[in-house]
Structure formats: C-alpha cells, structure tokens
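Right, one structure below, let's go through it.
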Amino acid sequence: MEAGVKARPLLLILGLVLLLRLPFLNQAVQGDDPVYLAEASHAQVEPFHPDHVDYVFRGRTVDLRGLTHPPLDGWMLAGLLAVFGSVKEVPFHLAYVSFSLMAAAAMWSLARRFSAHPLWATLLFLAVPVFVVNGTSFETDVPFAAFWMAAIALFCADCLFLSAAAMVLASLTAYQTVVLIPILAVYCWLYRRRSRKHWLTLLTPAVIFVAWQVFERVSTGALPAGVLSGYFTIYQTLQAKLVNALALAVHFWFLVFPALVPFAFLLAWRKRREPQTQFLVAWIAIFFGSALVIFFAGSARYLLPIAAPMAMLAAGLPRRWLALGFALQMALSLGLAVMNYQHWNAYRVYAASLDRVIENHRVWVDDEWGLRHYMEERGALPLAKTQRLRADDIILSSQLSHAVEPTVLLATAAPTLEILPAIPLRIIGLESHSGYSSAAPDRLWPFGLSASVIDRVRTSRVVERHPTLSYVDMKAPEAKDQIVSGIWANDHWMSASGVAIVKSPPSAMPLSVSFYIPPNAPARHIVLLLDDREVCATTVAAAGPGELACPTPIQPAGATAMVEISVDKTFRVPPDERDLGMVLIGVGFK
C-alpha cells in the first residue's frame, strides 16, 4: 500500500508526459530531421557507418562525418526504417515518446534527491518550452537529455554500471556529454570523495569519445572530430560567438517561467552552504559556460540539459508561485507546440498537392527541412549550387531556408504556399525576431508574438532561354541571363565549375575564356568543355590574368551551346561560405 502511494506522483508525471505527446504523434518531419533520416537510410547500406555519406546542405555537398552529433540517433531511426520500410510519422513518434518518459522518470529521481518538493520540480521541467516543442521531433535533443539525466540520476543513486551504460548512450548521441565529467566530479567531491569507483565511472564519456574517433579513423580513414572542426571554422566567428552568448543568456531565463528565476537564485544564495544547492549551481554554471564555448547558433535547445537543476532550484519557492509559473509556462509551451505543428504540416499538405504538377519532370527542392523530406519522398533531389538545370525542370524553393539562387528563367508552375498559423506565436519565420532555433543580432528572443507569415514556398518551372551573345562578357547586362550554374553574376567569381549558355556563331570560331586568378587562389589547371566534351585545357604557372583559347575553330551543332569552365582547386574566405575558383572576365566564341 505504501509503495503504491509513493508511486502515484511518478504515475501522474508519466501520464502528463503522455498527454503532452499523444496529440502530436502525427507531427510532420521538421527542422533537422532530414539529416538524421539520411543517416538512417545510409545505415541500411553501411550499418556501422551511417554518417559515412555525402549530403547536400545549403546547396553544397558536405561529409556527414562532420555532423555535430555521433550516430546513435541515426541508428535508432534506422531500426524504425527497417521495421516499417519508410518514414511513418505516428509509429516513429510513438517510439520516441519513450525518451520523454525516460527524461521525466530521471527528473523525478533527481528531484527526490535534490529538492524538497520533487513533484513541483518535475512539473516545472515538463513545462520547459524546449522539452514540449522539441520532444515532437526526431532530432537528438530529448533523447540526449533522457540519457544525460538518466546517467546523472543513476550515478547519484550509486547504480554505477547502469550510469555508465547511460553515459555511453549519451556520448553516442551528443559530443557535449563530455561536460558530464566536471559536473559529476563536483558530485564526487561533495558526496563520494573516497569512492574510486565513482571517480573512474565519470570518465566514461571521455573513453567513448576517444574510442569512437579511433574506430572511425581506422575503419574510414577520417576522424569525425577532424571533419567537424573543418566545418566549424566556417561558423565559429567572433560575431557568431557573441550572438550565441547573448541568445543563450536570454534563453536561460525561459527554462522555467522567467518571473521565478531571480527568486530561485536568491533562494539558492541563502542555501549556498548546502551540498544539494552547491551541486545544482555547479551543474548549471559548468554546462552554461561550456555552451558559450562549444556552440555558435544560440539555439534554445542547447540549454535543455540544465533545465533540470533550474527546476529543482525554483521548486523551493512558495507553491502558489510555482502553480502560477507552471500554468503560464505550460500554456506558452503548448501554444508554441501547436503553432509548430501547423507550420510543418503545411509543407506535408503542399507537397501532396503537387503530385500532378511534378509528374514526368525532374524536380529539385531548395530547402533543408520538412519540405525537403516530403519532396524527396516524391523523387525530388536537393538543389545544389552547381546543378545544371534544363528546360521543364521543376524547382520548389522555401523563402525561409533556401540557399541557391538559380540563374535560369523561371515561370510559375503552381500557386505559392503561404504558411500562416492561426496562433500568434512564432519560433521561426520570415518576419519574426525569434532566435529559438538560430540566433542573430536581430533575433535573440526564444519566441515571438506575431501573426506574420512564417514561410512562402514557390513552385517554378525552368523556361528555355534564347541567348543573344556568342561571347559573354561578364560585365555585360545580358551576362546574368546566360549564366547556367557555378558563376556569381554580382562579382564574377566561379566555383570549381562554371557553366554558361552561348549563341552559336555563324561560322566556326575559336572557343576561349578570359580569367583572373587572385594571389590567394590555388587554382592552376583550367579546362574548357563544350556541350560536355573537353576541347582544351591549360596549366598556369602563377596567379594573375590569363586566357585559354582553343587553337581549332569550332562550329557547335545546334543554335546554342553549353560552355563549362572547370578548375582543379577552390578555396574559401570566411565568413563567405562559397567555394571559390577564379574570377571570370569572359567566355565564348570570339
């Protein structure tokens, strides 16, 4: 009887978690879900290397070994794919509910140990916006929080073997698991100073991190951390770090209802000599400090691992304050979750409406999120910046997340989709200042109050062009209309490959390209192709202006011809994300 009474609060908590999740089981694919689903798909081919695959991200091909997370989430989705054959929203989300239940149970265990009011502490945790909103995705946030909190709860309960197992799972979900080491070191110092087993167990994340890097290096030839660090140099700029710090400071105030935060820390100051308070404050301080160093996007989800100690500190406040704070925070979180559902569901519905429009066409999608997934299910491919488009191709472009500016002529192929949820809350949007997912100097708030459009999606058809120039001078007004791909009309840089369409000359003429290689550009070998056939090439000894002219006059077969210029090497100038080859001056027949 007594055991049943003690179990009631936990059953209440788990029941509340189910009430939060079951209405959202049909949540559409969203956010970064397509990245992890790509891992899951490749795991069907290479089970031990789900991230050993190329992925088109923001118009360019990247190596998923540089993903900011180890592959456990991809493995879990791969298991679901193996069972169901394809992405099925309801059973997939039902499986992921287990992580929310695990996080809630771990929170209850920790709250009973470190809070005088464990039920209120757990309720405050369940109302955190990130827990409510991100728990409906296939991203790593809630699974990682579940393993992270389970590792700490089991460690504090002296269940060291199970704690180490949870640390292994957390380490294979997110690299920031290594921050557990100093946090649990504080716990050991306060409570288990003489226990060698505890001190050794807390090293588990470091061991797993090194073991995974070594395994990947031996089996694939590359360190995931090395690939990741290469991409980090693009994004880890001083401005990004400062914005990240400001945004995380703002998000911190919304882990529990903001009005409770100052009183929670005032209470913590009064109890600063108590070991429980010292551990919770150390947990918060260590992880928050690490987040300032590790991250660069300032996303609200980064701070979910410290929502638990924040809730436990706040739970010592008067109950009427807690009840009001919980109610207001939960109302906000549910409002954000419903709006988020409507946002991503709009892409799913729109994609289904295009089945007849895209039939018998090559289809490209310029989007990174849910629209990409639902169009790829229909045979579309992600649009790369170097993609050579042709007449009658269909392009879907999200104004919110597109990365490619096609240089072809486009005509409307279907009505434009405007996403405008009824709830006047926003976590992302064209006109929103919310930095919930990614911060910027003008986007630092964790949500926005707005009834504005979140996104516009345009469906266009590539129209055949009729070039007027046989030789394209890049300064000519007509040049932009004859660029096909890989050339930026605003500054005349080209990537590894640049393509232009030209009018065929009336008689055979030499094909040539004029260029300039800046001193910091490594390109030296230039190849000229006509209608996919190499016609001449050259290697220059040094940077500077140059020209490659084919010695034999050429008469193209058709009224127009496709000219491609390629170089052997590219480089980058951060924060510019483009792969730069050389500057084009002109190309064509002359």
Side-chain angles (χ1 to χ4, degrees), residues 69-70 102-103 105-115 121-122 125 128 130-131 140-210 248 251-252 255-256 264-265 268 271-295 301-315:
H69 292 271
M102 183 190 302
M107 178 66 201
W108 170 246
S109 175
L110 288 165
R112 291 183 64 191
R113 182 173 298 273
F114 295 105
S115 174
T122 307
F125 173 78
V128 173
V130 177
F131 181 80
T140 59
D141 306 298
V142 172
F144 169 60
F147 297 138
W148 166 280
M149 293 171 63
I152 298 176
L154 292 165
F155 191 87
C156 296
D158 297 331
C159 299
L160 299 185
F161 179 80
L162 293 176
S163 176
M167 290 182 199
V168 171
L169 296 174
S171 300
L172 291 174
T173 307
Y175 288 120
Q176 57 265 36
T177 304
V178 295
V179 183
L180 267 181
I181 296 174
I183 291 173
L184 292 180
V186 173
Y187 178 85
C188 285
W189 182 259
L190 293 171
Y191 294 98
R192 297 289 185 271
R193 196 174 303 182
R194 298 180 182 277
S195 173
R196 182 177 298 178
K197 291 182 179 179
H198 282 78
W199 286 106
L200 290 175
T201 302
L202 66 82
L203 297 176
T204 302
V207 173
I208 297 303
F209 175 83
V210 172
L248 292 182
H251 294 324
F252 181 84
L255 290 173
V256 296
F265 277 105
K271 297 183 177 182
R272 62 188 181 277
R273 302 196 194 298
E274 297 180 4
Q276 296 95 325
T277 302
Q278 291 173 355
F279 173 62
L280 296 178
V281 171
W283 179 349
I284 294 169
I286 292 171
F287 190 90
F288 187 82
S290 301
L292 298 181
V293 175
I294 296 172
F295 301 119
R301 67 177 186 252
Y302 296 160
L303 297 185
L304 184 56
I306 58 174
M310 281 296 299
M312 286 185 275
L313 288 178

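- Listed by chain and residue number, Phe125, Val128, Leu255, Leu304 satisfy the side chain to side chain contact (heavy atoms under 4.5 Å, CB included) test with Ala307 (two or more places apart in sequence, or in another chain).
- Every pair tested for side chain to side chain donor-acceptor pair (under 3.5 Å) that includes a residue from residues 142-152 fails, sequence neighbours excluded, so the list is empty.
- Interatomic distance, Leu172 CG to Phe209 CZ, rounded to the nearest 0.5 Å: 11.5 Å.
- When all heavy atoms of Leu110 and Ala153 are compared, the closest pair comes out as CD2-CA, 3.6 Å.
- Residues Cys156 and Phe114 form a side-chain contact, since some pair of their non-hydrogen atoms from C-beta on lies under 4.5 Å apart.
- For residues 178-194, the set of pairs meeting the side chain to side chain donor-acceptor pair (under 3.5 Å) definition, not counting sequence neighbours, comprises Asp158-Arg192.
- Annotation: side chain to side chain contact (heavy atoms under 4.5 Å, CB included) contacts of Thr204 (sequence neighbours excluded): Ala164, Met167, Val168, Thr201, Ile208.
- Taken to the nearest 0.5 Å, the CD1 atom of Ile284 stands 10.0 Å off from the CD1 atom of Ile183.
- Scanning all heavy atoms of the two residues, the minimum distance from Leu160 to Phe155 falls at CD2-CD1, 4.0 Å.
- Contact detail for Pro275 and Leu190: the closest heavy-atom pair is O-CD1, 3.7 Å.
- From Phe288, atom CZ reaches atom CE of Met310 across 10.5 Å, with rounding to the nearest 0.5 Å.
- In this view, Ala285 satisfies the side chain to side chain contact (heavy atoms under 4.5 Å, CB included) rule with no residue, not counting sequence neighbours.
- Annotation: the span from Ile181 atom CD1 to Cys188 atom SG amounts to 11.5 Å, rounded to 0.5 Å.
- For the atom pair NZ (Lys197) and OG (Ser163), the distance works out to 14.0 Å, reported to the nearest 0.5 Å.
- With contacts defined as side-chain heavy-atom distances shorter than 4.5 Å, the pair Gln176/Phe295 qualifies.
- Contact between Arg301 and Val130 at its shortest, heavy atoms only, is CA-CG1, 3.6 Å.
- Residues Trp283 and Val186 fail the side-chain proximity criterion, which asks for heavy atoms closer than 4.5 Å.
- From Phe147, atom CZ reaches atom OG1 of Thr177 across 10.0 Å, with rounding to the nearest 0.5 Å.
- Across all their heavy atoms, Tyr302 and Pro305 have their closest contact at O-CD, 3.4 Å.
- Residues forming a side chain to side chain contact (heavy atoms under 4.5 Å, CB included) with Ala121 (at least two apart in sequence, or on another chain): Met107, Ala111, Ser115, Met312, Ala315.
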